[in-house]
Every structure is written in structure tokens, then in C-alpha cells.
Novice: 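My questions all concern the structure below.
Quick note: numbers below take in every heavy atom, side chains included, and nothing from hydrogens, waters or symmetry partners. Throughout, protein chains are lettered first and strands after them, A, B, ... in sequence-line order, and every chain is numbered starting at 1.
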There are 2 protein chains.
Amino acid sequence: MVYSTVEKIIEVAELQARAGGYNALSFRVIAKQVGIKSASIHYHFATKADLGVAIAHRYTARFEQQLAKLAENSTQPSDRLEGYIALFVQALTVDKKMCLCGILAAESDLLPEALQRAVQVFFEVNVAWLHGALFAGQPQAKAQAFFVLASLEGALLMSKVMQTDAPLEQVCKLLRQDCWQ
Amino acid sequence: MVYSTVEKIIEVAELQARAGGYNALSFRVIAKQVGIKSASIHYHFATKADLGVAIAHRYTARFEQQLAKLAENSTQPSDRLEGYIALFVQALTVDKKMCLCGILAAESDLLPEALQRAVQVFFEVNVAWLHGALFAGQPQAKAQAFFVLASLEGALLMSKVMQTDAPLEQVCKLLRQDCWQ
DNA sequence: CAATGCCTATCTTCCGATAGGTAGGTTAGA
DNA sequence: TCTAACCTACCTATCGGAAGATAGGCATTG
């Protein structure tokens, strides 16, 4: 697979942001890892905010694709929940990184406005999917959608800092129990 | 003057960190708000990491005090849960800021080691309290402790970035329903 | 007299951003 | 088909500013 320079920049930047947030993004560090000079990044992304937005957009788009595939491949709500959970477990156990939009949401107060909006979209997309594909028709569908997403983001946070998979594992266990009796 | 310089530094720094995380802390900005020079902060806190640890320690200590008072003033688990929930609701509606340790946990990968440990302690304290004061004796006490804390941290995150109290409110509503039948 | 708590001045390092240059490829007109 | 114009994707060099940190000085206080 051949990656373009732009794709490489976004890929490297995403991993960096998922480790330390927006302020941890450094043009020089990204450039070094990609194999170009920091000034060249400005050719593809005029400002740091533009780069941030691009990362968030790609991250959300990739998530949306996986959600669509999930709804396509399984009709049972319990299977869909399992697939949804797997997205967060993968972030922790495979990428060993936070959810990009989770970490950006935490520091959203000080983000450029365009990036703030891009992060918002991620959460709206997720809530909408949970609402429509997982809790459709249920009386408290919206609340349950918030609940699942919030508990997974929070559990990811806790597992990262506590350096053990236990929080996310336990939260997943209860999600499986409580949502579908 | 009621507050010492050290207390003022920590107070200002906490608010700053709760808005944008560790990297958003700036000695110069803190100094300006406190009314001293940035070099003077180094007299009280040798390094930025030391200041970060001090913030986290005070934040955790204050939380512990509130938890102790909570356990003292109410014996009913449902009342204790209500009081616990209130701590997070207050962060959102009164302070209009993230939980300090929530935002630091998100970027824990790149934090100084001492600060990382200080943030860990916050979560351990919370889990221990939930486990002992709220779910004592229940078969899945540990899992439920993780679950409550994770969902509240995540909901806070979501409410911040979505700029609406709805996520936290809805999560609280379900917590009240699901935890005590 | 010495410790405390601040100050000024300055250091190095890193940051995002800009200006201007260049090699190589594509396009368009005579 | 030759060539002038242009575009793409980088480069070097440099800017102003902000970052944390340090050295040394100067009052106030006990």
C-alpha cells in the first residue's frame, strides 16, 4: 500500500494527538517522522487548526464506515453492541491510544472553533447510530445512547491512566448485561 | 488576604488545566492572573511537573473530603449516589470545566511520571469509595464502581464538547434508575 | 543576620508561520 | 514539436513569540 504525503502526515499527526491532545501536535516532530521538513506541512495544511480538522474528519469518517459495516453485517442489537464495543477495545488494546475525539473533547474549551465543531460531529454521529441502530423504538433511546458512549469513553480514559484493561473490560461486561436482558 | 500566594497559584493553575490540560498550563499566564512574575512561581514549584502534581494532589484531597462528608451525612446508598453525581454535575454547571483528573487522564501518555501517578491515585480513590460506600457486598461491586465513574467522566466530556448538559443529565437519570431497583 | 518571597534580566529551546527558491512535470499555443 | 507558462511538492532560511528555567539582587520579617 502506497501512502501519499498528505495521508502520512495525517496518520502520524493522529497518533500524536491521540497520545497528548492538540497541544502535543508538533509540525517538526510530524515532519521528521514523515521524512519531510516542517515548512512543507504548511503546503498541505495552511495552519495547525486545518491539520487538526483534517485529522478529526478522517477519524470520524473511518468510524462512520465501521458503523455502517456493523449495521450491515448484523441485525441483532446484541451483535451490534458487541461490534460497537470492539471499536473502543481495539483503541486500547491494539492502538494503545485514546479515542482521538475523546481526548480532543476533554480540551475542547481551548480548541480552534472549527476543530471544536469537527469533534462535536463525531459524538453526534455516534449518538445517532446508537440511537437508530441499537436502541430504536425504546422509550429512553437517547439517554441509553449517551450512556453507552459516555461509559466507553470514560472507561478508555480510566484504562489508559490506570494502566490496566480492567476498567474497560468491566464496563463492557456490564454494558452487555444491562442493555439486553 | 485570605489566600496565600501558593494557594492562588494552585487555584489559577487548576482552572487553566481543567480547560486545556497540562500543556495549556503557562507560568506566564498563571503569574499574570495571580499578580506576580513567572519566575516567582519557580520559588514555590521548582518545575512545571511539580506544579502539576500539586494541583492534582489538592484536587484529589478536596474530592476525598467531599466523599468522606458524603458517607458521613447519608447512609442510604441512593442518597450517596445522588451526592456523588452532584460532584460531577457541579463541575459542569458551576465551574463549567472538566474534571481535572479526567482531562489529565486523557493525555496521561505524555505526562511527567509523577503527575501520571498522582492522577492514577484520584481514580483509585474514587473507585475505592464507590466500591466501599456504594456497592459494598454486591457481587459486581468493582465493575459497578468502574461503571459509575467511567460514565460520569465520559458524560462530562460529552457535555463539554457538545455544549449541552443533556448527556450528563441523561446519564445521571439512568444511573439513578439502574443502580438501585 | 539569615531566611523568606518576591523581583529583573536573561538563557535556550521550541513553536507555528512566512518568504522565497527550485526541480520536475504538465499544459497550451505557435 | 518546440517552448514558454504554469503547477506541484517540496526545500532553505528565518521570523517573532512563547515556553520553562536559572542567576543574582533586593526588600521585609523574625
Side-chain angles (χ1 to χ4, degrees), chain A residues 1-56 58 103-104 107-116 118, chain B residues 1-56 58 103-104 107-116 118:
Chain A
M1 184 63 112
V2 178
Y3 290 104
S4 70
T5 298
V6 171
E7 285 167 333
K8 277 192 271 185
I9 292 171
I10 295 184
E11 176 65 25
V12 167
E14 179 192 310
L15 291 178
Q16 212 143 323
R18 286 175 66 185
Y22 183 71
N23 283 316
L25 279 180
S26 156
F27 276 51
R28 283 169 179 79
V29 174
I30 297 169
K32 185 159 280 187
Q33 288 190 31
V34 171
I36 58 176
K37 296 297 170 179
S38 79
S40 305
I41 299 180
H42 287 282
Y43 172 77
H44 301 283
F45 305 99
T47 68
K48 183 174 173 174
D50 291 330
L51 174 57
V53 169
I55 301 171
R58 195 194 64 155
I103 195 167
L104 292 181
E107 54 186 3
S108 63
D109 276 0
L110 302 187
L111 293 183
E113 219 183 281
L115 180 51
Q116 218 171 322
Chain B
M1 198 65 77
V2 175
Y3 293 104
S4 70
T5 299
V6 171
E7 284 167 333
K8 277 192 271 184
I9 292 171
I10 295 184
E11 175 65 25
V12 168
E14 180 192 309
L15 291 178
Q16 212 144 323
R18 287 174 64 185
Y22 183 70
N23 283 317
L25 279 181
S26 156
F27 275 52
R28 282 171 179 76
V29 174
I30 296 168
K32 185 160 279 186
Q33 288 190 32
V34 171
I36 58 175
K37 297 297 170 178
S38 79
S40 305
I41 299 180
H42 286 282
Y43 173 75
H44 301 284
F45 306 99
T47 67
K48 182 173 174 174
D50 291 328
L51 174 57
V53 169
I55 302 170
R58 195 195 66 154
I103 195 168
L104 292 181
E107 54 186 4
S108 63
D109 275 1
L110 301 187
L111 293 183
E113 218 183 282
L115 180 51
Q116 217 171 321

Novice: Can you measure A:I30 atom CD1 to C:dC15 atom P for me and round it to whole angstrom units?
Specialist: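 My rounded result for the distance is 10 Å.
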Novice: Expressed as a whole number of angstroms, how long is the span from B:F45:CZ to C:dT4:C1'?
Specialist: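 To the nearest whole Å, that distance equals 16 Å.
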Novice: Looking only at non-hydrogen atoms, find the nearest pair between B:D109 and A:A19 and report the distance.
Specialist: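 Looking at all heavy atoms of both residues, the shortest contact is CB-O, 3.5 Å.
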Novice: With the side chain of B:K48 defined as its heavy atoms from C-beta on, choose the nearest nucleotide among D:dA21, C:dT8, C:dA19.
Specialist: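 The nucleotide sitting nearest to the side chain is D:dA21.
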Novice: Please tell me if A:S38 has a side-chain N or O lying less than 4.0 Å from either OP1 or OP2 of C:dG16.
Specialist: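 So the side chain of A:S38 is outside the cut-off, no N or O lying under 4.0 Å from OP1 or OP2 of C:dG16.
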Novice: Rounded off to whole Å, could you give me the CG-to-P distance for the A:D50 and C:dT18 pair?
Specialist: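 Value for this atom pair: 11 Å.
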Novice: Between C:dG5 atom P and B:E7 atom CD, what is the distance in whole Å?
Specialist: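 Distance check: B:E7 CD to C:dG5 P gives 13 Å.
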Novice: Write down the distance between CD1 (A:I41) and P (C:dC14), rounded to a whole number of angstrom.
Specialist: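 The answer, rounded to whole Å, is 16 Å.
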Novice: Looking at the side chain of B:I36, which of D:dG20, C:dG16, C:dC6 is the nearest nucleotide?
Specialist: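 Closest nucleotide to the B:I36 side chain: C:dC6.
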Novice: Would you indicate, yes or no, if D:dT8 has its OP1 or OP2 atom less than 4.0 angstrom from a side-chain nitrogen or oxygen of A:H44?
Specialist: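 Checking A:H44 against D:dT8: no side-chain N or O falls below 4.0 Å of OP1 or OP2.
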Novice: Using a cut-off of less than 4.0 Å, is there contact between a side-chain N or O of B:H42 and OP1 or OP2 of D:dA23?
Specialist: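 No, outside the criterion.
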Novice: Does A:Y43 place a side-chain N or O at less than 4.0 Å from the phosphate oxygens OP1/OP2 of D:dA9?
Specialist: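 So the side chain of A:Y43 is within the cut-off, an N or O lying under 4.0 Å from OP1 or OP2 of D:dA9.
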Novice: State, to 0.1 Å, how close A:G52 and A:L115 come at their nearest heavy-atom pair, and which atoms those are.
Specialist: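 In terms of heavy atoms, the two residues are closest at O-CD1, 3.4 Å.
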Novice: Would you kindly give the OH-to-P distance between A:Y22 and C:dC15, to the nearest whole Å?
Specialist: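 Whole-Å distance recorded here is 14 Å.
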Novice: State, with a plain yes or no, whether a side-chain heavy atom of B:I55 is found less than 4.5 Å away from one of B:L25.
Specialist: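 Side chain of B:I55 against side chain of B:L25, heavy atoms only: contact under 4.5 Å found.
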Novice: When the distance from NZ of B:K37 to P of D:dA21 is rounded to whole Å, what number comes out?
Specialist: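 Atom NZ in B:K37 sits about 19 Å away from atom P in D:dA21.
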Novice: Contact class for B:L25 (heavy atom, under 4.0 Å): base, sugar-phosphate, or nothing?
Specialist: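 Touches sugar-phosphate only.
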Novice: Between C:dC6, D:dT12, C:dA17, which one does the side chain of A:R28 approach most closely?
Specialist: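 Nucleotide nearest to A:R28's side chain: C:dA17.
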Novice: Does B:F27 or A:S40 map to a spot on DNA chain D nearer the 5' end, using the closest nucleotide for each?
Specialist: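 Closer to the 5' end of DNA chain D: A:S40.
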Novice: Where the side chain of A:T47 is defined as all heavy atoms beyond and including C-beta, which of C:dA17, D:dC11, D:dA19 is the nearest nucleotide?
Specialist: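 Within the option list, the nearest is C:dA17.
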Novice: Which heavy atom of A:R18 sits nearest a heavy atom of A:I103, and at what distance?
Specialist: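 Where A:R18 meets A:I103 most closely, the heavy atoms are O-CD1, 4.1 Å.
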Novice: Would you mind reporting whether A:Y3 and A:E11 have side-chain heavy atoms less than 4.5 Å apart?
Specialist: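 The answer is no, as the side chains (C-beta and beyond) never meet within the 4.5 Å cut-off.
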